[in-house]
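Report on the structure given below.
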Amino acid sequence: QVQLQESGPGLVKPSETLSLTCSVSGGSISSYYWSWIRQPPGKGLEWIGYIYYSGSTSYNPSLRSRVTISGDTSNNQFSLNLRSVTAADTAVYYCARDPTGDHWFDPWGQGILVSVSS
Amino acid sequence: QSALTQPPSASGSPGQSVTISCTGTSGDVGGNNYVSWYQQHPGKAPKVMIYEVSKRPSGVPDRFSGSKSGNTASLTVSGLQAEDEADYYCSSYAGSNNLVFGGGTKLTVL
C-alpha cells in the first residue's frame, strides 16, 4: 500500500526557509493530489496546499505568499518550501494523499516536527 | 478563512453513542458534500474515518457514521469503545481549491 515519509531539518532559524520532502513508496505521485498539512503543538490541523500530478498547485490563502509546493516524479517525491518563517510556523508537518480529488486525505505520513528558533 | 467550529470536548460511556458537531457556513460545509472526519491518537498522524459526508473507507468500523444538515456536519460514534478515545477533526472544501479544518474535539470514553 502507499506509504509517505517526511524528511528535512527539525530546526529552522527565523526569517529563513523551511524545506521538507515527502517520499512516496508503494505508488506513483504521477496521479492523485498530494498535500501538506501542519499542526502546531497542542493545536488543530491547518491545510497548507496541494500539488496535482499534472504540476498544478493550490495553497491556503493565509500562506499563499510564502509557500511553494513542487513535485519530483523521477524520485517519486514532492516538497514544501515555506519562506520567511517565524515561531508561529513551529508545527508538526504532515504530507498526505487525496485519493480521489474530493478533498480528503489517506494515507498520511507520520509527521515531522519543525521548530523555528534562533 | 475561519476554522470550522467543533465542541472542545465530548464524552460517553462504553457502549453508548456520542455525536460530534462541525459547524461552518454556506461557503464550506453547507455548500458541498466534501466533508471528512479524522481520528488522531496522541503522537500519531490523523486517520480518515469518514469522507464525502457519510462514506466510510475500507477498514473503518460501521460504528462510525457521518451526516450533514445545512451548515452543520456530524460524526456519530455508536457502541463506544475505549480505543475510540482520541481527538477528532472535521474538514470541508471551502471553494476556490481551498480546504478548512475544524478546531478539533477531544472524545473521552468514561
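The structure displayed is predicted, hence computed values, not measured ones. Reckoned from all heavy atoms, side chains included, excluding hydrogens, waters and symmetry mates. Sequence lines set the chain letters: A, B, ... in the order given, protein chains first and strands last, and positions in each chain run from 1.
For A/T100, the part sitting under 4.5 Å from any heavy atom of chain B is the side chain, from C-beta outward, and nothing else. Contacts of B/Q6 with chain A are absent, with no heavy-atom separation under 4.5 Å from either backbone or side chain. Only the side chain of A/Q39 comes within less than 4.5 Å of a heavy atom of chain B; its backbone N, CA, C and O stay farther away. Heavy-atom distances place the side chain of A/Y94, and not its backbone, under 4.5 Å from chain B. Only the backbone of B/S96 comes within contact range of chain A, judged by heavy atoms closer than 4.5 Å.
Checking B/N71 against B/T25 by side-chain atom types alone, no donor-acceptor pair falls below 3.5 Å. Side chains of B/T72 and B/T23: a donor-acceptor N/O pair is present below 3.5 angstrom, by distance only. For the 3.5 Å distance criterion, the side chains of A/R83 and A/T68 qualify, holding a donor opposite an acceptor. A donor-acceptor pair shorter than 3.5 Å can be found between the side chains of A/S62 and A/N60.
With chain B as the partner, the residue from A/D106, A/I37, A/L45 showing the most heavy-atom pairs under 4.5 Å is A/L45.
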- request: Show your reasoning for whether side chain to side chain donor-acceptor pair (under 3.5 Å) applies to A/S115 and A/T90.
  value: CA-CA 5 Å; A/S115 298; A/T90 293; 5.0 Å; no
